[in-house]
Amino acid sequence: MSFSLKETTWIGKEYYYFEETDSTNKKAKEFAVQGCSNGTLVAADYQTAGVGRRGRSWSSEKEAGIYMSLVLRPELKTELASMLTLVAAISVAKAIKIALEQNGTNKIYPWIKWPNDIVINKKKVCGILTELSLKQTEIDFVVIGIGINLWNKEFPEEISSTASSILLETGLYIEKKELINLVWQQFEKYYKQFMDNKDLRQIYKEYENFLINKDSKVRVLDPNGEYEGIARGITDTGELLVETKAGMQRVSSGEVSVRGIYGYV
Ligand code: BTN
């Protein structure tokens, strides 16, 4: 489904749509290398080789989901780029919340599983993959890829215990173009707030309101040794604050993942 972004100022003015492609992140990186503009959007109805985090694949059923990638060329120190993934997560969570309200439900909420999975009823309905390309030591471009399970009615067995779709969890058929517009409208707002100070000081409280792990027990899968604690919130640079017997730990997203004590959340 081709669409136009009517409610954004700078995102999607350069726009590429594919009925089918291997991966919108891969395409976005190719366009970026060729010199496409800041805010270029690449979207597809079907991905034959969707990419997930940690080298996993992303199941991209034909037409059931939203698969899109944004090219950014931010003036930002490399070490600050990981915060963009939290900016994307809050944008998607807020967009889904508004879409659900506009479609008649304010009883079911989207949540963020730190740092950037969006979950409804403890099942993952959206994943975000942020990729960075450097020129020497500076950021050349960033690609933010967003996959939203919208109308899927079933999932491959390997992921069926943790993955779901907005339709399955809410019973609502949200229109693709409505949600896509909402996501990028929200992203423009939060991205500006982030770029004002190059940190999350204007955003982290709202992010914490979406944080499913907040005040819950979590297990931190640190390669240097797993430990448990209670997630208390995030810092203004996006680390998860985990209270442990040894004190408050600041967990960075690159190195570790976090699980609920009884499973995924
Ligand atoms: C995750 O593992 O949670 C991240 C999944 C990201 C999937 C999206 S779908 C659009 C974009 N293109 C890709 O190949 N991956 C991202």
Side-chain angles (χ1 to χ4, degrees), residues 1-3 5 11-12 15-33 36 40-72 81-82 84-93 95-96 110-120 122-133 141-152 155-156 158-166 176 179-180 183-184 187 210 212-213 221 253-260 263-265:
M1 184 224 43
S2 184
F3 63 92
L5 284 180
I11 292 178
Y15 168 60
Y16 300 92
Y17 161 76
F18 297 90
E19 245 168 58
E20 174 180 328
T21 188
D22 44 6
S23 149
T24 56
N25 263 38
K26 190 161 170 252
K27 281 282 167 299
K29 286 186 276 183
E30 288 168 12
F31 288 125
V33 168
C36 74
T40 296
L41 193 64
V42 181
D45 268 332
Y46 179 42
Q47 296 186 122
T48 52
V51 187
R53 292 176 80 204
R54 300 175 198 284
R56 291 190 209 116
S57 62
W58 182 256
S59 172
S60 309
E61 190 190 324
K62 206 170 198 160
E63 286 167 11
I66 291 174
Y67 315 111
M68 57 189 178
S69 303
L70 172 72
V71 177
L72 291 174
S82 62
L84 286 169
T85 215
L86 284 84
V87 173
I90 191 174
S91 307
V92 176
I96 294 176
W111 297 92
I112 300 172
K113 176 183 173 285
W114 181 88
N116 63 358
D117 286 353
I118 310 298
V119 299
I120 299 181
K122 299 193 175 179
K123 295 229 177 169
K124 176 164 168 175
V125 297
C126 167
I128 298 170
L129 175 66
T130 302
E131 297 187 270
L132 201 62
S133 175
F141 61 82
V142 180
V143 168
I144 298 183
I146 299 178
I148 304 177
N149 302 328
L150 198 59
W151 304 330
N152 315 56
F155 286 87
E158 325 80 82
I159 55 171
S160 61
S161 62
T162 51
S164 192
S165 68
I166 294 180
K176 277 190 190 173
L179 188 53
I180 292 169
V183 166
W184 297 119
F187 188 88
F210 282 108
I212 194 159
N213 320 88
L221 308 181
S253 61
E255 314 139 25
V256 300
S257 53
V258 168
R259 298 266 174 285
Y264 168 63
V265 279

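Please read these numbers as outputs of a predicted model, since none were measured by experiment. All ligand and atom numbering here is 1-based and tracks the order in the structure. Because only heavy atoms are used, hydrogens play no part in the values below, and waters and symmetry mates are left out as well, while side chains stay in.
- Summarising the geometry of Ser165 relative to Val125, their closest heavy-atom pair is C-CG1, 3.8 Å, with the distance given to 0.1 Å.
- Closest to atom 8 (C) of ligand 1 among all protein heavy atoms lies Gly147 N, 3.6 Å.
- No part of Arg56 comes within 4.0 Å of ligand 1, judged by heavy-atom distances.
- If you number the atoms of ligand 1 from 1 as listed, the ones under 4.0 Å from a heavy atom of Ile146 come out as 8 (C), 9 (S), 10 (C).
- Listed by number with element, the atoms of ligand 1 under 4.0 Å from a non-hydrogen atom of Thr24 are 10 (C), 11 (C), 12 (N).
- Atoms of ligand 1 lying under 4.0 Å from at least one heavy atom of Lys124, given by number and element, are 1 (C), 3 (O).
- Geometric assessment of Lys122 against the ring of Trp111 yields a negative cation-pi assignment under the 6.0 Å and 45° thresholds.
- With a 4.0 Å heavy-atom cut-off, ligand 1 is reached by no atom of Ser60.
- Residues Ile146 and Cys126 meet the side-chain proximity criterion, which asks for heavy atoms closer than 4.5 Å.
- On a distance-only criterion, Trp58 and ligand 1 share no N/O pair closer than 3.5 Å.
- Backbone and side-chain nitrogen or oxygen atoms of Tyr67 are examined, and none is located within less than 3.5 angstrom of a nitrogen or oxygen of ligand 1.
- Here the side chains of Arg53 and Asn116 are in contact, with some heavy-atom distance below 4.5 Å.
- In summary, the atoms of ligand 1 found under 4.0 Å from a heavy atom of Val51, numbered by their order in the structure, are 5 (C), 6 (C), 7 (C), 13 (C), 14 (O), 15 (N), 16 (C).
- Proximity of Val143 to Thr130: side-chain heavy atoms (C-beta onward) are nowhere separated by under 4.5 Å.
- The two atoms that bring Ser164 and Lys123 nearest to each other are CB-CB, 3.6 Å, heavy atoms only.
- Contacts of Asn116 with ligand 1, taken as heavy-atom pairs under 4.0 Å, are absent altogether.
- For Asn25 and Ser69, the side-chain atoms include at least one donor-acceptor pair closer than 3.5 Å.
- Side chain of Asp117 to backbone of Pro115: no donor-acceptor contact under 3.5 angstrom is found.
- When hydrogens are left out, the protein atom nearest atom 12 (N) of ligand 1 is Gln47 OE1, 2.9 Å; that is the closest non-hydrogen contact.
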| Can Gln47 and Thr24 be said to form a side-chain hydrogen bond (donor to acceptor under 3.5 Å, both in side chains), step by step? | CA-CA 7 Å; Gln47 296 186 122; Thr24 56; 3.3 Å; yes
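- Residue Gly50 approaches ligand 1 through these ligand atoms, each under 4.0 Å from one of its heavy atoms: 14 (O).
- Side chains of Phe141 and Val33 form a contact here, defined as non-hydrogen atoms less than 4.5 Å apart.
- Heavy-atom separations between Met68 and ligand 1 include at least one value shorter than 4.0 Å.
- Contact atoms of ligand 1 toward Arg53: 1 (C), 2 (O), 4 (C) (distance under 4.0 Å to a heavy atom of the residue).
- No heavy atom of Lys26 sits closer than 4.0 Å to any atom of ligand 1.
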